[in-house]
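Handing you a structure now.
What you are looking at is a predicted structure, and each value in this text was computed from that prediction instead of being measured. Scope of the values below: all heavy atoms of this structure, side chains included, with no hydrogens, waters or symmetry mates. All residue numbers in this chain count up from 1 along the given sequence.
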Amino acid sequence: MVALVAQETIVSLVTPENVVGNLVSRTGRHLQRYQKGRRQVVGCIPYRYKCVKQSLDINEEDLEVLVISSQKGKGMLFPKGGWEIDESIQEAALRETIEEAGVTGIVECELLGEWNFKSRAHNTDYQGYMFPLLVQDQLAEWPEKNVRSRKWMSVAEARKVCQHWWMKEALDRLVMRLTSQQIHDKEDSVETCSLS
């Protein structure tokens, strides 16, 4: 099981089996959320620490992020997709990450941000939301394995290859949050919730 957490509070439970069970991604737009004419999309920046450090001093070089190929094969990005009316925003973020990148983990409940952008390909307005996802499991099989590749890379590499400005901005916010969080962690240790 995967826990969606906000500091010490468990918000919701999602099992990878619910998404991966039949290895088929959700399709269609009939359940999509829209706000003021903008299609709402949500995603995650999957991350992990390169190694366990004895100190709490974390910097950008200690992190790796997972990027995926675009379905059309042009460029790399972070997993994201439509937020549907039958799920919470965190559930949608986790579902899209499992479908597109084949990883599960802890979705932090505090958003990295909200962005408005226009798709050049579809001439459509979007409202995008991104969450951090601390990866706990990388699946061997996932719904979009045959149409996407995934690759772990440094934050600096991800900044170079990510095709969307708003995702680069979300990545910068993630790095700032994780590197500044160490100051707070030193002052008062925060417990993380985990479920097995």
Side-chain angles (χ1 to χ4, degrees), residues 2-12 14 32-33 35-36 38-50 56 58-70 75-84 87-119 125-138 148 150-185 190 192-193:
V2 177
L4 302 175
V5 298
Q7 297 279 330
E8 298 151 359
T9 307
I10 296 175
V11 174
S12 178
V14 176
Q32 293 294 291
R33 289 179 189 253
Q35 184 173 18
K36 297 180 182 174
R38 295 180 182 273
R39 181 173 174 232
Q40 294 184 300
V41 295
V42 62
C44 289
I45 298 181
Y47 73 95
R48 67 183 180 190
Y49 296 97
K50 287 183 183 178
L56 291 176
I58 298 168
N59 58 49
E60 181 177 306
E61 291 75 31
D62 296 322
L63 301 171
E64 287 184 317
V65 293
L66 186 67
V67 295
I68 59 171
S69 63
S70 165
M76 303 293 279
L77 61 148
F78 296 110
K80 63 108 180 100
W83 175 16
E84 299 187 353
E87 59 193 352
S88 73
I89 192 169
Q90 292 92 354
E91 289 169 337
L94 181 58
R95 176 184 51 77
E96 287 294 340
T97 302
I98 293 170
E99 286 178 0
E100 295 184 354
V103 294
T104 64
I106 299 173
V107 174
E108 296 174 22
C109 289
E110 188 178 340
L111 275 169
L112 290 170
E114 174 186 325
W115 294 266
N116 293 319
F117 58 96
K118 187 176 197 90
S119 166
D125 292 321
Y126 290 87
Q127 186 171 35
Y129 305 89
M130 292 297 283
F131 289 92
L133 180 131
L134 178 58
V135 173
Q136 294 185 320
D137 193 21
Q138 189 166 312
R148 294 187 190 271
R150 62 184 178 192
K151 183 176 181 184
W152 285 102
M153 59 180 57
S154 70
V155 170
E157 290 172 307
R159 268 192 205 100
K160 288 178 187 173
V161 302
C162 185
Q163 65 185 33
H164 299 302
W165 65 267
W166 62 279
M167 287 186 174
K168 290 179 185 184
E169 196 172 293
L171 177 59
D172 289 339
R173 290 182 186 182
L174 172 65
V175 170
M176 185 176 297
R177 182 182 296 177
L178 294 175
T179 57
S180 67
Q181 185 176 3
Q182 65 195 344
I183 296 164
H184 302 295
D185 288 351
V190 177
T192 59
C193 297

Is there a side-chain contact (heavy atoms from CB on, under 4.5 Å) between I106 and Q136 once you walk through the steps? CA-CA 7 Å; I106 299 173; Q136 294 185 320; 3.3 Å; yes
Indicate yes or no: does R95 engage E91 in a salt bridge with an N to O separation below 4.0 Å. no
Working to the nearest 0.5 Å, report the span between CH2 of W166 and CZ of F117.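 With rounding to 0.5 Å, CH2 (W166) is 4.0 Å from CZ (F117).
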Apply the test side-chain contact (heavy atoms from CB on, under 4.5 Å) to residues V67 and C162: give CA-CA distance (whole Å), side-chain angles for both, the deciding distance (0.1 Å), then the verdict. CA-CA 8 Å; V67 295; C162 185; 5.7 Å; no
Taking only Lys NZ, Arg NE, NH1 and NH2, and the carboxylate oxygens of Asp or Glu, determine whether R33 and E84 approach each other closer than 4.0 Å.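 Result for this pair is no, no salt bridge flagged.
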In the structure I gave you, are the side-chain heavy atoms of Y49 and L178 within less than 4.5 Å of one another anywhere? yes
Listed by chain and number, what are the salt bridge (Lys or Arg N to Asp or Glu O under 4.0 Å) partners of R173, not counting sequence neighbours?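 R173: salt bridge (Lys or Arg N to Asp or Glu O under 4.0 Å) contacts with E169.
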Is K151 atom NZ crowded by more than 12 heavy atoms from other residues, nucleotides or ligands, each under 6.0 Å away? no
Is any side-chain heavy atom of V103 closer than 4.5 Å to a side-chain heavy atom of I98?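 No - every pair of side-chain heavy atoms lies 4.5 Å or more apart.
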Please round to the nearest 0.5 Å and tell me the distance separating atom OG of S154 and atom CD of E60. 7.5 Å
Salt bridge (Lys or Arg N to Asp or Glu O under 4.0 Å) between E100 and K80, worked out: CA-CA 8 Å; E100 295 184 354; K80 63 108 180 100; over 6 Å; no
Return the set of residues passing salt bridge (Lys or Arg N to Asp or Glu O under 4.0 Å) with E157 (not counting sequence neighbours), or none when no residue passes.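 E157 satisfies salt bridge (Lys or Arg N to Asp or Glu O under 4.0 Å) with no other residue.
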By side-chain hydrogen bond (donor to acceptor under 3.5 Å, both in side chains), Y129 pairs with (sequence neighbours left out) Q40, Q127
Partners meeting side-chain hydrogen bond (donor to acceptor under 3.5 Å, both in side chains) with E61 (sequence neighbours left out): none
Just by distance, do the side chain of E96 and the backbone of A93 share a donor-acceptor pair under 3.5 Å?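 Pair absent, no side-chain N/O of E96 close to backbone of A93.
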Non-neighbouring partners of R48 that pass salt bridge (Lys or Arg N to Asp or Glu O under 4.0 Å), sequence neighbours left out: E64
Side-chain heavy-atom pair L134, Y47 within 4.5 angstrom cut-off: yes
For a side-chain contact (heavy atoms from CB on, under 4.5 Å) check, start with the C-alpha distance between R159 and L171, then their side-chain angles and the critical distance, and finish with the verdict. CA-CA 8 Å; R159 268 192 205 100; L171 177 59; 3.9 Å; yes
Separation between CZ (R148) and CD1 (I68), nearest 0.5 Å, reads 4.0 Å
Taking only residues two or more places apart in sequence or in another chain, which ones pass salt bridge (Lys or Arg N to Asp or Glu O under 4.0 Å) with K118? D125
Interatomic distance, I45 atom CD1 to F131 atom CZ [nearest 0.5 angstrom]: 12.0 Å
Approximate separation, where rounding is to 0.5 Å, of F78 CZ and C44 SG: 11.0 Å
What are the two closest non-hydrogen atoms of L111 and R177, and how far apart are they?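 Taking every non-hydrogen atom into account, O-NH2, 2.7 Å.
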With side-chain contact (heavy atoms from CB on, under 4.5 Å) as the criterion, how do L63 and K50 come out once you've worked through the C-alpha distance, each side chain's angles and the decisive distance to 0.1 Å? CA-CA 6 Å; L63 301 171; K50 287 183 183 178; over 6 Å; no
If you look at every heavy atom in T97 and P46, which pair is closest and at what distance?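 Smallest heavy-atom distance, with atoms named: CG2-CG, 4.1 Å.
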Smallest separation among heavy atoms of M76 and S69, with atom names: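 Closest pair (atom of M76, atom of S69, distance): SD-CA, 3.7 Å.
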4.5 Å side-chain heavy-atom contact, N116 and Y126: no
Going from OG1 on T179 to CG on D62, what distance comes out if it is rounded to the nearest 0.5 angstrom? 10.0 Å
Is there a donor-acceptor pair under 3.5 Å between the side chain of R150 and the backbone N or O of A101? yes
Pairing residues for W152 by the side-chain hydrogen bond (donor to acceptor under 3.5 Å, both in side chains) criterion, not counting sequence neighbours: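 If we apply the side-chain hydrogen bond (donor to acceptor under 3.5 Å, both in side chains) test to W152, skipping adjacent residues, the hits are Q138.
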Of all heavy-atom pairs between P79 and M130, which one has the smallest distance, and what is that distance? O-CE, 4.3 Å
